Amino acid sequence: SQTIHQWPATLVQPVGSPLSLECTVEGTSNPNLYWYRQAAGRGLQLLFYSVGIGQISSEVPQNLSASRPQDRQFILSSKKLLLSDSGFYLCAWRRGQIPYYEQYFGPGTRLTVT
Amino acid sequence: GEDVEQSLFLSVREGDSSVINCTYTDSSSTYLYWYKQEPGAGLQLLTYIFSNMDMKQDQRLTVLLNKKDKHLSLRIADTQTGDSAIYFCAEITGNQGGKLIFGQGTELSVKP
């Protein structure tokens, strides 16, 4: 069966510091991977998605970047965090093809920028 | 553009049925989904329904789809305190590469 991991689970970082969040998927190969941010208002915002190694699509221009160095690894980064980067970051993978698919989420990383 | 709307809060008594409603705008959606999010956790895919179906039942969960009105509902029978969570409705967009569009979530509170 497939499993998706995220770490760290929680992170407190000062403004201006760098960020690296990691997501890995087990039990599948060449998954489509997604990064979402969930702000306090609950809404989910799609940040990035990737269809394969080195392929990243950005949905919203902002202070973050993503990379996919390995087939089942997806990394979210920032060089300098802003207060507005605080939130709950969720990684997800897709099973199936557009337009018939399911999307499964990881446990999330709670980021607080102070 | 595509939009998914849900009421923000619902409160029920333990043992009652809960009905969470959702409206969407993209008539070309192929799948519609219900996710559950417990405090501090990720989103758990509860169930989904093909757009050519009217109803899907899975144990205590019943999903009803009215394509004409673009209305989706999730009924939870015999609601338990463990069902307290935020429930998100989502649709696949016909545009934007088939991305998922989520509602704002309905917070279900189950009182003993």
Side-chain angles (χ1 to χ4, degrees), chain A residues 1-11 21 23-25 32-52 55-60 74 76 87-112, chain B residues 1-10 20 22 24 26-53 56 58 63 84-109:
Chain A
S1 65
Q2 297 83 13
T3 310
I4 181 167
H5 302 279
Q6 288 186 245
W7 62 87
T10 60
L11 192 59
L21 303 182
C23 169
T24 57
V25 181
N32 279 31
L33 296 173
Y34 302 80
W35 276 113
Y36 289 84
R37 176 168 60 201
Q38 187 177 31
R42 293 198 217 153
L44 283 154
Q45 180 185 35
L46 178 62
L47 302 175
F48 302 95
Y49 69 94
S50 172
V51 300
Q55 299 179 64
I56 308 293
S57 294
S58 174
E59 288 296 300
V60 183
F74 202 20
L76 183 70
F88 192 47
Y89 288 82
L90 291 157
C91 182
W93 72 279
R94 188 182 87 197
R95 180 165 71 186
Q97 299 299 321
I98 294 170
Y100 304 101
Y101 68 83
E102 301 133 44
Q103 202 166 100
Y104 296 93
F105 286 80
T109 295
R110 171 77 57 194
L111 172 66
T112 303
Chain B
E2 294 83 5
D3 196 16
V4 177
E5 294 193 357
Q6 305 176 237
S7 54
L8 294 182
F9 301 98
L10 176 66
I20 302 171
C22 168
Y24 61 96
D26 189 345
S27 58
S28 64
S29 288
T30 48
Y31 274 17
L32 293 135
Y33 306 83
W34 284 105
Y35 284 85
K36 176 183 181 182
Q37 185 179 32
E38 297 183 5
L43 273 69
Q44 173 195 355
L45 179 60
L46 274 182
T47 187
Y48 58 89
I49 187 168
F50 284 101
S51 58
N52 62 359
M53 296 171 65
K56 179 179 180 181
D58 183 0
V63 179
S84 293
I86 299 177
Y87 291 81
F88 290 90
C89 168
E91 64 166 345
I92 290 182
T93 61
N95 302 319
Q96 300 182 58
K99 295 182 179 54
L100 282 188
I101 302 295
F102 288 84
Q104 287 291 100
T106 299
E107 183 175 345
L108 175 64
S109 174

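Note that the structure is predicted; figures quoted are calculated from it, not measured. Sequence lines set the chain letters: A, B, ... in the order given, protein chains first and strands last, and positions in each chain run from 1.
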Of the listed A:Tyr104, A:Tyr34, A:Tyr36, A:Phe88, the one with the largest count of heavy-atom pairs under 4.5 Å with chain B is A:Phe88

Side chain to side chain contact (heavy atoms under 4.5 Å, CB included) between A:Arg42 and B:Glu107, intermediate numbers included: CA-CA 10 Å; A:Arg42 293 198 217 153; B:Glu107 183 175 345; 3.7 Å; yes

Could you tell me which portion of [X] (side chain, backbone, both or neither) has an atom closer than 4.5 angstrom to a non-hydrogen atom of chain A?
X	value
B:Leu100	both
B:Gln37	side chain
B:Leu43	both

Check: Under 6.0 Å from the six-membered ring centre of A:Tyr101 and within 45° of its axis: does the NZ or CZ of A:Arg94 meet both?
Finding: yes

Knowing that exactly one of B:Phe102, B:Tyr48, B:Tyr87, B:Phe88 qualifies, which makes a ring-ring contact (aromatic ring centres under 6.0 Å, His included) with B:Tyr35?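 So the option named by the test is B:Phe102.
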
Go through the side-chain N and O atoms of A:Gln55 and A:Ser50 and say whether any donor and acceptor fall under 3.5 Å apart.
no

Give, as side chain, backbone, both or neither, the part of A:Glu102 having an atom under 4.5 angstrom from any heavy atom of chain B.
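For A:Glu102, backbone and side chain are both near chain B.
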
Donor-acceptor contact below 3.5 Å, side chain B:Thr106 vs main chain B:Ser7 | yes

